[in-house]
Amino acid sequence: MNDTAATPSSSAAPPRHDFAAAEPRWQAEWERRGCFAVPDVPDGSKPKYYVLEMFPYPSGKIHMGHVRNYTLGDVVARYKRARGYLVMHPMGWDAFGLPAENAARERGIHPAKWTYENIANMRAELKRMGLSLDWSREFATCDVEYYGQQQSLFLDFLAAGLVERKESWVNWDPVDQTVLANEQVIDGRGWRSGALVEKKKLSQWFFSITKYAPELLDALKTLDRWPERVKTMQANWIGRSEGARVRFRLAEPVADLREVEVFTTRPDTLFGMSFLAVAAEHPLAAAVAARDAKAAEFIAECRRMGTSEAAIEQAEKRGYDTGLRVAHPFIEGASFPVWIANFVLMEYGTGAIFGCPAHDQRDLEFARKYGLPVRPVVLPPGADPKTFAIGEDAYVEDGTIFNSGFMDGLGVAAAKRAAIERLEATGQGKGEVTWRLRDWGVSRQRYWGCPIPVIHCDACGIVPVPKHQLPVALPEDVDFSKPGNPLDHHPTWKHVPCPRCARPARRETDTFDTFVDSSWYYARFCSPRAEVPVMHAAVDAWLPVDQYIGGIEHAILHLLYSRFFARAMKATGHLKIEEPFAGLFTQGMVTHESYRAADGSWLYPEEVEKRPDGTAVRVGTNEPVTVGRVEAMSKSKRNTVDPGAIIDRYGADTARWFILSDNPPDRDMEWTEAGVAGAYRFTQRLHRLVTAALPVLPPPGTPPAQDAANGPAKALRRATHRAIAAVTEALESFAFNVAVARIRELANAVAEAEAQAQAATSPDPALAAALREALETLTRLSGPMVPHLAEELWSLLRPGETRLVAELPWPEADPALLQAETVTLAVQVLGKLRATIEVPVDADEATIFALAEAQENVQRAIGGKPIRKRIHVPGRVVNLVV
RNA sequence: GCCCGCCUGGCGGAAUGGCAGACGCAGCGGACUUAAAAUCCGCAGCCCCUAGGGCGUGGGGGUUCGAGUCCCCCGGCGGGCACCA
């Protein structure tokens, strides 16, 4: 060793870690040994752990968001495996959806061909990442083996009364004659035709998720490993409201309508009523429109508003006075005008509201616009009832009811009870609980989705496809040159005999919302080749998913639908669980700077060169480039970085290490070239630390000296065991960036120890043994994050060892080495740091205070004033109050 | 508009209510090198009359012996809003 050190020029540069050769080699070795394959039905010898990341949509290439998502999951999977769990970690493809149809229309590629080619590309890219996946479980939701089973599930749900057929509104493009997704509606116009979009009513299939609203809400309490904010968002989405249903009698009937029912959460403010408003889609609005052309025109305008809640709520509040009046339930002889208003949602409550402008902001804005009265009936504490008036803001807090007859003097809560009591006593209404959650409309007028397995027969009505006729497969010969749903204008596909009466009938040509596909894939992964939707022994053993990982953008819909599906599958005898995901982690997005050329066009990062003075120019032309905001990577802004190119240049381990080290995984991370380069240097440094130490290390298996005196060996052993404890804790709490920092600290300690070993005049066996322990620990702790490098280092440290890092148990920290003999205490005077003292861990308080007060700086801060109070937080701080 | 988050040095971030800035990126200085790269060592929140002190976790207030952390208000940025996935 000394020879080498003395004559560096005589030997070649230290061997660098050749990731390009090593990574595929270790991937092949894991596969050869079947390290990550698990059986559908485990034998129970180990506890199970199911790690699942949200499966990708096969857009064609993986993006950094995927790299981040799957790296996070892989760390968990590898760590849990080391902790002795049998880990299932599958991967598949969320393969139905609009982009495939867009590709078909724009480029003439068949959606199936486009999709499966994309899957092949992306599978190859994922494999290069070295993920510990059980690829034998892979499937795509567009595989007929998958969606056929989904059709079977649908038939079970239908039989169990969990499916309904109802009318609902869709965005209709009158030029393209097509239903548009909300994202295809831009500023109220169709994205391709530019035509003003209209709302159109269609008969559609719905899953009765509202039947489970109370359960879906209550069970949130049991999800103790879900982020609070996701549970809050779901609770708000389900939206339980207590209130009252109130019947308002029309002064004169319209068509056959004699009254309007309103749901309100504020029956206490009924005396502050100034108008009643119904949604444009309300039956009363239709009845008025039948005899009032201006009303019909207003309703038609509302129909041009789009169906999204954001569009409705952000639109200017507008209304139409129908001229009708309703009687007030409590005020004898009083009547109020009936309006049609664009901000009233037909889907919520009864589609009608009573307006109390003084105590509801939207009502107030509406009343101000149309000159309707504003009568306060809730008095803020301390306000004078004679002078209290509403200005710009409605008063929505608690207070004392006034101007309200029998409710005067009550608080808001008591007044609500009193109002409901009176409504019930007089037969004009009742207390009621409503939910914001609506039934889940699953019909889509599209080709590239799972066909809904029912048949429309003129004689028998709607007839489910018998199970023995499943799957209802998509036809392959479809024509995308015409607008609309290719299934609908396919020449033969939809024409089938009725299963019941055998007369000519028509297949349903709608396909399922792709959220249906992703609502049960976690269950299918347990027995992916079963000829039933799920194999009982498999799902009972593996479910629930122990750790689910994905983007926060799915916090509501996907997760709620999946929770509903688990319940529906339980009700139909497929599952025994109700909650599919015991643990949830939501990751942040991957962001990057954006760049614009002088002409305003977006540039890819590789087209931009950063100058040392901080400016940026375009590669080749040297024209100036504007460096824009850091934002989510998107194709439209071209601020994307291709994971494949990063792996080519730096290797998968470097990409994984950087993505983990940059920041906490639930926050957005910024991808930077400098950051990747830094990660790359660290992987090389680890390799160097091991190769440089090899000549001094004792043989494999040499135990570290237990009784070493305080010195470099003991210090290194402490650092090693502190690192084990810290990294373990960080991994358990998803603080992967902290785990990285602790590993780096251990690497720094190793480097220092190596320098000491090199500098020593005579070899120190204790230090050498401690070095082996430290390097082996470093290797194993970094295994979940940089798995290929860890295997490489392990094979250098333990030539002839049969087990891979992927097969080793997790290192254990020795508690004796975690204890320090002394602690450093901060000494504060009045909360301000004035000194630090070093005391034995078992020092008594009197000694500590005496030592603290003796500090020169502390004396100066005390300035001779008497000490009123002494606070000692063991191991942390002493605070003296003077 | 409504619901939910986030905000700490030049940058990413760390910190059971207890020494703010661990670890890293960028930077600066040094060693090695003919030179560069790579590597190694060191410095580093801001300000000050530099012993020492003052100010600092988006802004303002509060609770506490003590607040990045808890509470209230405000600002900025982001996610979701039911047919993007």
Taking it one step at a time, do A/E228 and A/K231 satisfy salt bridge (charged side-chain N to carboxylate O under 4.0 Å, His left out)? CA-CA 5 Å; A/E228 270 320 305; A/K231 290 191 278 186; 3.3 Å; yes

Partner of B/C2 under the Watson-Crick or G-U wobble criteria, both distances under 3.5 Å, comes out as B/G80

Go ahead and name the base partner of B/U39; Watson-Crick or wobble counts if both distances stay under 3.5 Å, otherwise write none. B/A31

Closer than 4.0 angstrom, basic N to acidic O: yes or no for A/E309 and A/R436? yes

Roughly how many Å apart are B/A22 and B/A82, using the C1' atom of each and rounding to a whole number? 44 Å

How far, in whole Å, is B/A67 from B/G58 if one measures between their P atoms? 15 Å

Taking any heavy-atom pair under 4.0 Å as a contact, classify A/I871: base, sugar-phosphate, or nothing. base

Phosphate OP1/OP2 of B/G13: any A/N663 side-chain N/O under 4.0 Å: yes

Salt bridge between A/R834 and A/E856, side-chain N to carboxylate O under 4.0 Å? no

Would you please confirm or rule out a distance under 4.0 Å between OP1 or OP2 of B/A85 and any side-chain N or O of A/T514? yes

Under-3.5 Å donor-acceptor pair between A/N236 side chain and B/C3 base: no

Considering only atom C1', compute the distance from B/A35 to B/A44 and round it to an integer number of Å. 29 Å

Atom CZ of A/F512 and atom P of B/C83 are separated, to the nearest Å, by 14 Å

So what does A/V873 hit on the nucleic acid, given a heavy-atom distance under 4.0 Å: a base, only sugar-phosphate, or nothing? base

Measuring only the P atom in each nucleotide, how far is B/C11 from B/G18? A whole number of Å is fine. 26 Å

Exam field: side chain A/D176 to backbone A/T178, donor-acceptor pair closer than 3.5 Å: no

Expressed as a whole number of angstroms, how long is the span from A/E670:CD to B/C11:P? 11 Å

Rounded to whole Å, please give me the gap between CG in A/L833 and C1' in B/C19. 5 Å

Taking atom C1' in both B/G9 and B/G68, what distance in whole Å separates the two? 14 Å

Please give, in whole Å, the distance from B/A22 P to A/N737 CG? 14 Å

What's the closest nucleotide to the side chain of A/E553 if the choices are B/C2, B/G80, B/G13? B/G80

Among B/C81, B/C83, B/C65, which is the nearest nucleotide to the side chain of A/R444? B/C83

Taking atom types as they are modelled, is there a donor-acceptor pair under 3.5 Å from the base of B/C83 to the side chain of A/R446? yes

Return the 5'-most residue of the pair A/R438, A/N857 with respect to RNA chain B, ranking by each residue's nearest nucleotide. A/N857

Which of the following nucleotides, B/C83, B/C81, B/C65, is nearest to the side chain of A/Q204? B/C83

Heavy-atom nearest nucleotide on RNA chain B for A/T824 versus A/L202: which residue maps closer to 5'? A/T824

May I have the distance from A/N342 (atom CG) to B/G1 (atom P), rounded to whole angstrom? 16 Å

N or O in side chain of A/K832 less than 4.0 angstrom from B/C55 OP1/OP2: yes

Please report the distance, rounded to the nearest Å, between CZ in A/F343 and P in B/C2. 14 Å

Salt bridge or not between A/D510 and A/R444? Use side-chain N to carboxylate O under 4.0 Å. no

Using Watson-Crick or G-U wobble geometry with both distances below 3.5 Å, tell me the partner of B/G75, or none. B/C7

Roughly how many Å apart are B/C43 and B/G24, using the P atom of each and rounding to a whole number? 13 Å

Could you give the distance separating B/C4 and B/U39 at their P atoms, to the nearest angstrom? 48 Å

Tell me which nucleotide, if any, is Watson-Crick or G-U wobble paired with B/G18 when both distances must be under 3.5 Å. B/C65

Do the numbers put A/K317 on top of the ring of A/F366, so that NZ or CZ is under 6.0 Å from the six-membered ring centre and no more than 45° off the axis? no

Using whole Å, what does the distance between atom P of nucleotide B/C83 and atom CG of A/D517 come to? 14 Å

Parallel, tilted or perpendicular: rings of A/F19 and A/H17 (30°, 60°): tilted

For the residue pair A/F512 and A/F207, does the interplanar ring angle fall in the parallel (under 30°), tilted (30 to 60°) or perpendicular (over 60°) class? parallel

Between B/G18, B/G1, B/G13, spot the one nearest the side chain of A/Q314, thanks. B/G1

Closest to the A/M589 side chain, choosing from B/G79, B/A85, B/C23: B/G79

Within the 4.0 Å heavy-atom criterion, would you say A/L437 contacts the bases, only the backbone, or no part of the nucleic acid? base

Roughly how many Å is it from CD in A/E856 to C1' in B/A51, rounded to a whole number? 10 Å

Could you tell me whether the phosphate oxygens of B/C6, OP1 or OP2, come under 4.0 Å of any side-chain nitrogen or oxygen in A/R667? no

Please state the P separation for the pair B/C19 and B/A26 - nearest whole angstrom. 30 Å

Taking pairing as Watson-Crick or G-U wobble with both contacts under 3.5 Å, can you name the mate of B/G12, or confirm there isn't one? B/C23

Would you call A/K199 and A/E281 a salt bridge, using N to O less than 4.0 angstrom? yes

Identify which nucleotide among B/C83, B/A15, B/C23 has an atom closest to any side-chain atom of A/V738, counting heavy atoms from C-beta outward. B/A15

Given the options A/W93, A/Y522, A/Y521, A/F55 meets ring-ring contact (aromatic ring centres under 6.0 Å, His included) only with A/Y521

Salt bridge check: are A/E745 and A/R742 linked by an N-O gap of less than 4.0 Å? yes

N/O contacts under 3.5 Å, protein versus nucleotides 35-43 of chain B?
unit_1	atom_1	unit_2	atom_2	d
B/U39	O3'	A/R688	NH2	3.2
B/C40	OP1	A/R685	NE	3.1

Give the nucleotide from the list B/C83, B/G54, B/C65 with an atom nearest to the side chain of A/R834. B/G54

